[in-house]
Amino acid sequence: MKLLRLMIQARRVDERLIKICRQGRLRGSAFAGIGQEAISAAVAVASQPDDLFAPCIRNLPLHLGRGETPLGVFRQALGRAKSPTGGRDGNVHYGRLDHGVYTMISHLGSMISVVAGGVMAKRRQGKDTVGVAFVGDGATSTGDFHEALNFAAVFDIPLLVIIENNHYAYSTPTSHQYRCHRLADRAVGYGIDGYSADGNNPAEIYITVRDILNDIRANPRPALLEADTMRMRGHGEHDDFKYVPETLLQVYRRRDPIRMGIRGMQAAKLITDDQIEAMELEIADEIDRSARQALSEEEPLADTLTQGVYRDA
Amino acid sequence: MKLLRLMIQARRVDERLIKICRQGRLRGSAFAGIGQEAISAAVAVASQPDDLFAPCIRNLPLHLGRGETPLGVFRQALGRAKSPTGGRDGNVHYGRLDHGVYTMISHLGSMISVVAGGVMAKRRQGKDTVGVAFVGDGATSTGDFHEALNFAAVFDIPLLVIIENNHYAYSTPTSHQYRCHRLADRAVGYGIDGYSADGNNPAEIYITVRDILNDIRANPRPALLEADTMRMRGHGEHDDFKYVPETLLQVYRRRDPIRMGIRGMQAAKLITDDQIEAMELEIADEIDRSARQALSEEEPLADTLTQGVYRDA
Amino acid sequence: MREITYLQGIQEGLREVLKTDPTSVIYGQDVGAFGGAFKVTEGLQAEFGEARVFDTPISESAMLGAAIGMATQGMRPIVEMQFADFITTAMHQLLNNAGTRHYRTGDAVPMVVRVPSGGGTGGGPFHSEELETYFCHMPGVKVVYPAFPSDARSLLLSAAQDPNPVVFMENKTLYRSVKERVGDDLTALPLGKASVRHEGDDAVVITYGAMVHEALRAVSELHVTEGYEVMVVDLRSLKPYDLDTILAATAATSRVLVVSEGWRTCGYAAEIATAINESAFHLLDAPVHRLTAPDVPVPFAKSLEDRYRPAAADIVKALRDLIEL
Amino acid sequence: MREITYLQGIQEGLREVLKTDPTSVIYGQDVGAFGGAFKVTEGLQAEFGEARVFDTPISESAMLGAAIGMATQGMRPIVEMQFADFITTAMHQLLNNAGTRHYRTGDAVPMVVRVPSGGGTGGGPFHSEELETYFCHMPGVKVVYPAFPSDARSLLLSAAQDPNPVVFMENKTLYRSVKERVGDDLTALPLGKASVRHEGDDAVVITYGAMVHEALRAVSELHVTEGYEVMVVDLRSLKPYDLDTILAATAATSRVLVVSEGWRTCGYAAEIATAINESAFHLLDAPVHRLTAPDVPVPFAKSLEDRYRPAAADIVKALRDLIEL
Ligand SMILES: Cc1ncc(C[n+]2csc(CCOP(=O)(O)OP(=O)(O)O)c2C)c(N)n1
Ligand SMILES: Cc1ncc(C[n+]2csc(CCOP(=O)(O)OP(=O)(O)O)c2C)c(N)n1
Ligand SMILES: [Mg+2]
Ligand SMILES: [Mg+2]
């Protein structure tokens, strides 16, 4: 139920951001995770308070599941003074360490080692922290992906690296990104376990993630999980998305994670139509209030520009 | 026979360089490849004229096998004006493109993609070039190792990456470098073939390399070969080498590639003691003359310092 | 004469190189059928085929390393970084591997690296950087930065004819905003030559990239408001730079403002200011001033970025101070 | 009072940090049992255990990324680059990831990156680089560069107490050649404070790192040969730098020579020269001169490297020109 709620909430936030973007009220573009919600929602639900995360640009459900509010997300995208980064970073580059969520930098792959180091620190402090880093299929080609996985393996760091394989890196299909059969096969080269799962099936991905996290929490070492999914919109809203064949979209439209989640819960009689409707209404209401509030807020004062580059001793 | 000659020649050059180093006549240190000669000698013998190479610091037999002279090697180590890099680079950073050999930079892993690009170019020019890049076990932890292998795989570049696994990267044992069982297992993650071989057995490594090169020459795509070997001296001559247990050295002393090569050829009656002695004498003579000559030569003129940073149009 | 944008200038330069130099190839992330994140290479793959214009994995180091390999084997690779910012993952390939190679081996390394640069687009800290200091501090590397469509076109040709690694900086805010009427004859422009964009003798603004346009706006405003005549020098080549033109402008005006969109400390503006002081100290009526971005990560919010990035109004103010000093 | 080397100064600083700050760790390639390529960390693993001092794979980017992760979770990582030169494989972790983080998130990133720097050892193009320009051009990053054993010790402490990423540059030629008598009380030195190493009013040499010692040799030679009294300022902190001391020295001498072992174009010397010109133009009797390495990859042969690297004789000559101008 929590998982479903997160997915729906993220979807509606993304939809609202797209609308705001279309209205020309966003700086830059909107980068939606529509179609990929199950994976990060599953991680959020399966996680423990002390865990650490390096989300990428399509992990809104993780942020929400770890305590960020739709208001915070809107503020961030709009560069508001009260946003998690005070309007200094934009779009999807945010996080809060008190939620265990690292604020990413754009350089793909570079955050994996950061969360690895964070987990090392927490473990030394006696916590049973595990870490989860998200990357796309494209980011697996970076040197940083390799260095960080190998580093984590050598130090037995309990870190799950999830590859959200959505078939494209911007316009580039996976056939131009790598030649191996499954990216999960890279695990053997690091001496760690590699898993594949259907990233659009909330129940499957949840169980897979939960089991891996339990395992590496108890027996610290990294793991690699490749989750098959599909980005159902352009790389950003500026992207015409013509490079994706309609047939492929068809397949994943039928396999929409929210629909699959609802169907599964309905089949198991875990949810009623009324409950879904109530949830949607509640979510819509919060989103509407949050979006309006964020839109009405101020950008940071220009005078604060040079403050906080360094931290005072 | 050519293979054996290359190994012996390289060994004797290295020994002479160590002597020169001990006499305090080298700038910097000497970085010997003693114990690892079979691998690069095999590559040199198995290669074709149009092939391209990215040697690392312990591939003297490759240089010699591709046409560099002991004189050139001594000049290089001594920073002489007539050295392959004109005294600008030192030690083991040299090569000649007309021999197909790229001059390395020190940044480990960074030359693999260079030779990949070179092979791409030659192939476009209709040559049946293959490339061979050498790295150590330690260099496999660099992001560049990963990026280059994946890049070569995506573009079906006939490039053999040879990992000379000599158990140590400087003082760091492989247990602190990676956690996989065999580094050759990384091949599957790139969708290419991975091989392991005994790098101290000249016949075995020669046949392995020859077969792989034939294969990728005909069916262009990269391959990964892990050759087991042992560096029988310190990282450089300044290194006291205490971190290596004597028992390990014992094992590899018995498996010295030159001795194994000679024994194999003797068993097959391909060489006589007289022939070996003649070869040694001839090699010793050339080395002695070359070393003396290089020692007697001049360093580059200081006035040439700023020449040739840029190439004139 | 046709009117083209800055982006079209680059694209025409690229097309000309592909046409006239059969050894040239263009590659990068999404530069093929998609035409690149900014559509600079749009249509080129369709025109020249996948062998000449192609996509690569997201591997900046391998992309640059492979370019060195190709360049040293008779090809002329033109590599696009999706954003300048991402080249920081592979500085060693440029600084250590490409830049030092000719000096060490005598081998030519003719390669061009296109880096879409600069802020003003709301790109935030990682899609807005101006990294010319890094590139200019690399022995063996050349750096150009056009401000106008015709220069973009010509400098692309020159860069692609140069036997050295050339970093070709492109300013993202200029791509579609700057237009110019150009003829059809494409000629390479010698590297290392600045251009005087506006004459004047009360002071000179020495700058490059997007700041040339801010400077031009500033000097016309100053002309209208107080009648000052201020020269504007567009460097075009950052390394080598045109010291002759810089010194002539200094001699003609005695008051120099160097403007750069890059960070202040160790920024490119300091290099130009120092070079002027070293060679023309006695000609100066006032210290060379520099107007730069502060040492701050490029901020996202418009309020902050507007303050961050030097603009015409800041140049007006700095010039007024300088002239009235 | 004991006499210690520069290397011992760093080592004592490291030991003190490990002793007094239980959250500190030291890691890098071969820094554990082996004690590092230069033996700076020798004995520390034996003393503090493998959990506090440990070897890592050859992965500069992961090493720095992990440091950011640790630093933001209450630890204080001290990372050794085996040579400064190799950090060019991971500039993004320092520039983009560590440097921007506090500004963007408010999170403290207390980490130290030790970079053995500089030429003069016959290390060739890839074991000799001076990269301070790169580091100083990173918003959010601090840079220190001691020239003396006691400073090395104190600045190591300060760097390890600072809540920001600090690049700690160490000069390889000084490791064993420079000795100093020191007491046992270890106190951190505030970052951003220069030190006047020699008094004088005919001119001032502003410099740092190994060049401080070349400058000191030069000024004593000049004193002997022509009786000049030349001040020597050792910057110690390159970012932030001590503008007050720089300007006071400028006021006292009116003639300034900035000496740096780094490359010329966009080098650190240009920053200091520009800052002086901006703030003290009217105090100058002559243009600020800079003496730097040329824009050339660091060459291997002694004949070339001796010419490449500024030395006492070059400083003597430059000072003579400056004073007699
Ligand atoms: C090192 C680096 N190079 C290039 C980019 C530009 N870039 C941003 S997102 C992207 C595509 C990423 O694809 P993928 O990793 O599959 O993630 P997805 O967008 O599909 O979720 C690229 C090339 C970058 N951010 N970092
Ligand atoms: C990117 C990079 N980091 C660090 C170094 C310093 N370094 C030079 S050789 C070496 C060890 C290399 O070990 P390995 O790859 O196993 O080769 P071997 O010396 O055993 O032949 C190290 C750490 C380097 N050259 N490049
Ligand atoms: Mg993707
Ligand atoms: Mg090794």
Side-chain angles (χ1 to χ4, degrees), chain B residues 50 52 54 84-90 93-98 100-125 127 129 131 142-155 157 159 305-313, chain C residues 22-23 25 27 51-52 54-77 79 89-93 95-111 138-142 158 161-166 188 190-191 239-240:
Chain B
D50 276 328
L52 292 176
T85 66
R88 289 165 171 202
D89 211 332
H93 300 70
Y94 60 99
R96 295 189 198 253
L97 273 193
D98 53 341
V101 182
Y102 276 99
T103 299
M104 67 180 278
I105 68 166
S106 296
H107 298 63
L108 295 167
S110 67
M111 293 302 299
I112 309 174
S113 59
V114 174
V115 71
V119 173
M120 263 175 126
K122 289 264 204 181
R123 286 264 160 179
R124 279 167 185 251
Q125 291 153 10
K127 310 262 166 63
T129 300
T142 62
D144 277 6
F145 170 83
H146 170 73
E147 289 196 5
L149 267 172
N150 184 58
F151 190 93
V154 165
F155 292 108
I157 301 173
L159 170 69
L305 171 67
T306 56
Q307 291 166 11
V309 177
Y310 294 92
R311 189 183 188 91
D312 296 331
Chain C
T23 70
V25 288
Y27 63 84
R52 303 287 304 284
F54 52 92
D55 293 339
T56 64
I58 304 173
S59 304
E60 280 76 10
S61 178
M63 288 158 63
L64 293 175
I68 298 169
M70 292 181 198
T72 46
Q73 299 294 344
M75 284 177 67
R76 190 171 292 274
V79 187
T89 60
M91 293 300 247
H92 61 300
Q93 294 290 18
L95 166 61
N96 305 104
N97 212 346
T100 67
R101 191 155 289 273
H102 183 263
Y103 186 70
R104 300 187 301 127
T105 67
D107 300 324
V109 189
M111 59 188 265
M138 297 177 175
V141 171
K142 295 187 178 180
S158 337
Q161 287 168 12
D162 201 277
N164 297 285
V166 182
L191 297 187
K239 191 177 185 189

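Quick caveat, the model's predicted, so the values are computed rather than measured. Chain identifiers are assigned alphabetically (A, B, ...) following the order of the sequence lines, protein sequences preceding nucleic acid strands; residue numbering begins at 1 within each chain.
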Which atoms of B/Q307 approach chain C - backbone, side chain, both or neither, heavy atom under 4.5 Å
backbone
Among B/K122, B/R124, B/M120, B/H146, which residue forms the greatest number of heavy-atom pairs with chain C at distances under 4.5 Å?
B/R124
Heavy-atom contact with chain B under 4.5 Å, split by part of C/A51
both
Just say parallel, tilted or perpendicular for the rings of C/F54 and B/F155, cut-offs at 30° and 60°.
perpendicular
B/L52 portion near chain C, given a 4.5 angstrom heavy-atom threshold:
side chain
For side chain to side chain contact (heavy atoms under 4.5 Å, CB included), just list the numbers for B/I105 and C/R104, CA-CA rounded to whole Å, side-chain angles, deciding distance to a tenth of an Å, and then say yes or no.
CA-CA 10 Å; B/I105 68 166; C/R104 300 187 301 127; 3.2 Å; yes
Looking at B/Y310 and C/V141, would you say the former's side chain and the latter's main chain have a donor-acceptor pair under 3.5 Å?
yes
Between B/P84, B/G95, B/G117, which shows the greatest number of heavy-atom pairs under 4.5 Å with chain C?
B/G117
Is C/Q93 reaching over with its side chain to a backbone N or O of B/S110, donor-acceptor style, under 3.5 angstrom?
yes
Quick one: closest heavy-atom pair of B/Y102 and C/G69, and the distance?
OH-O, 3.1 Å
Do B/M111 and C/N97 come within less than 4.5 Å of each other through their side chains, counting heavy atoms only?
yes
Who wins among C/V109, C/T72, C/T105 for the most heavy-atom pairs under 4.5 Å with chain B?
C/T72
Which bit of B/R96 is near chain C, if near means a heavy-atom gap under 4.5 Å: side chain, backbone, both or neither?
neither
Within a strict 4.5 Å, meaning less than it, do heavy atoms of the C/H92 and B/D144 side chains meet?
yes
Closest heavy-atom contact between B/N150 and C/P57?
ND2-CB, 3.9 Å
Turns out that what part of B/L159 lies under 4.5 Å from chain C's heavy atoms comes down to neither
Taking the side chain from B/R311 and the backbone from C/D107, do they hold a donor-acceptor pair closer than 3.5 Å?
no
So does C/S61 get a backbone contact from the side chain of B/E147, meaning a donor-acceptor N/O pair under 3.5 Å?
yes
Checking B/V154 against chain C: side chain, backbone, both or neither under 4.5 Å from a heavy atom?
side chain
Interface moiety of B/A313 toward chain C, non-hydrogen atoms closer than 4.5 Å
both
